[in-house]
Amino acid sequence: MSIDSSQVAAGMLAAVPFARTLGLEFVEVAAEADGAVQAVVRLPDTTATHNHVGGPHAGAMFSLGETASGAVVVAAFAHVLDRATPLAVNADIAYRKLAMGSVRATARLARPVADVIAELDAGQRPEFPVHVDIATEEGKPTGEMTILWTLRPH
């Protein structure tokens, strides 16, 4: 699978105005050797996204992780978006450590793309998790998320 990282980033920023509002930066969207898809998205350190202790607000971190997971979904399933709409179904987040400065979310599809497509082709509405690790620029883990997505057939 070949992924045009800049095209995914441009598409996400066009389709999700809130990502632009937060100033999210798409660092990487790429296929991995095992067929999975990974996306890395960065939330810059700005006072507009700070909380009461000067770090990124929990809502901004949630949006960062959800956006990274969305980039994975768009990249993995771009070839079927003419017949299915991706929708987030559920999300769980754990804030593990206080984050200060810029943070990055690294999202990874947790099911093989082919399995999800097979369910869609069989007339089902597939669900699949995307796992997200949130860390500081230095790599210190600060949180983790799992977003359950579906592809709703048109």
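For the numbers below, each heavy atom of this structure counts, side chains included, while hydrogens, waters and symmetry mates do not. Along the sequence shown, the residues carry numbers beginning at 1.
Judged purely by atom type and a 3.5 angstrom limit, N51 uses its side chain to pair as donor or acceptor with the backbone of G54. Under a 3.5 Å cut-off, the side chain of S69 and the backbone N or O of E66 do form a donor-acceptor pair.
Applying the side-chain contact (heavy atoms from CB on, under 4.5 Å) test between S6 and each of I3, V8, D4 identifies D4 as the sole match.
Taking T46 as the reference, T49 meet the side chain to side chain donor-acceptor pair (under 3.5 Å) condition, with sequence neighbours excluded. Evaluation of the ring pair (Phe, Tyr, Trp, His ring centres under 6.0 Å) rule for F62 yields no partner, not counting sequence neighbours.
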Discussion item. Under the criterion salt bridge (Lys or Arg N to Asp or Glu O under 4.0 Å), I'd like the reasoning laid out for E119 against R111: C-alpha separation, chi angles, the key distance, then a yes or no.
Written reply: CA-CA 12 Å; E119 289 178 15; R111 285 188 61 199; 2.7 Å; yes
Item to complete: Evaluate the criterion side chain to side chain contact (heavy atoms under 4.5 Å, CB included) for residue pair I117 and V113; output intermediate values, then yes/no.
Response: CA-CA 6 Å; I117 298 299; V113 172; 4.1 Å; yes
Item to complete: Let me see the working for L24 and L43 under side chain to side chain contact (heavy atoms under 4.5 Å, CB included), right down to the final yes or no.
Response: CA-CA 5 Å; L24 298 182; L43 173 67; 3.7 Å; yes
Discussion item. The test is side chain to side chain contact (heavy atoms under 4.5 Å, CB included); show your working for T142 and M61 and say whether it passes.
Written reply: CA-CA 10 Å; T142 62; M61 290 177 62; 3.6 Å; yes
Fill in: Worked verdict on E144 versus I134 for side chain to side chain contact (heavy atoms under 4.5 Å, CB included)
CA-CA 6 Å; E144 57 192 8; I134 303 170; over 6 Å; no
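In this structure the side chain of V73 reaches within 4.5 angstrom of the side chain of F128, judged on heavy atoms. The shortest side-chain heavy-atom distance between F26 and S5 does not fall under the 4.5 Å cut-off. Within the 4.5 Å cutoff, side-chain heavy atoms of L64 are placed close to those of V103. Within the 4.5 Å cutoff, the side chain of L151 has no heavy atoms near those of the R125 side chain. Considering only heavy atoms from C-beta on, M12 comes within 4.5 Å of V74 through its side chain. Side-chain contact between E137 and R104 is present, with at least one heavy-atom pair separated by less than 4.5 Å. Residues E28 and T106 fail the side-chain proximity criterion, which asks for heavy atoms closer than 4.5 Å. In this structure the side chain of H131 never reaches within 4.5 angstrom of the side chain of M145, judged on heavy atoms.
Cluster annotation: L87 is not connected to F18 through the hydrophobic network of ILVMFWY side chains, with a link wherever side-chain heavy atoms come within less than 4.5 Å. Both V80 and W149 belong to a single network of hydrophobic side chains, linked directly or stepwise wherever heavy atoms of I, L, V, M, F, W or Y lie under 4.5 Å apart. No continuous path of ILVMFWY side-chain contacts below 4.5 Å connects L109 to V40, so the two sit in separate hydrophobic clusters.
Here the OG1-CG distance, from T21 to L13, works out to 10.5 Å after rounding to the nearest 0.5 Å. Here CD of E127 is found 13.5 Å from CZ of R152. Values are rounded to the nearest 0.5 Å. Between the OG1 atom of T146 and the CG atom of N90 there is a distance of 9.5 Å, given to the nearest 0.5 Å.
Between R96 and D133, no side-chain nitrogen of the basic residue sits less than 4.0 Å from a carboxylate oxygen of the acidic one, so the salt-bridge criterion is not met.
Think of L148 as one node in a network of Ile, Leu, Val, Met, Phe, Trp and Tyr side chains linked at under 4.5 Å; its network also takes in V89.
When all heavy atoms are compared, the tightest approach of E25 to P44 is OE2-CG, 3.5 Å. Of all non-hydrogen atoms in A99 and P56, the two that sit nearest each other are O-CD, 3.2 Å. In terms of heavy-atom proximity, I147 sits nearest to A88 at CG2-CB, 4.1 Å. Heavy-atom minimum distance, A58 versus Y95: O-OH, 3.0 Å. In this structure, A36 and R108 approach most closely via the heavy-atom pair CB-NH2, 3.4 Å. Contact detail for A76 and H79: the closest heavy-atom pair is O-CE1, 3.3 Å.
Side chains of H50 and D45: a donor on one and an acceptor on the other come within 3.5 Å.
Within 6.0 Å of atom CD in Q124, more than 12 heavy atoms from other residues, nucleotides or ligands are found, so the atom counts as buried in its surroundings.
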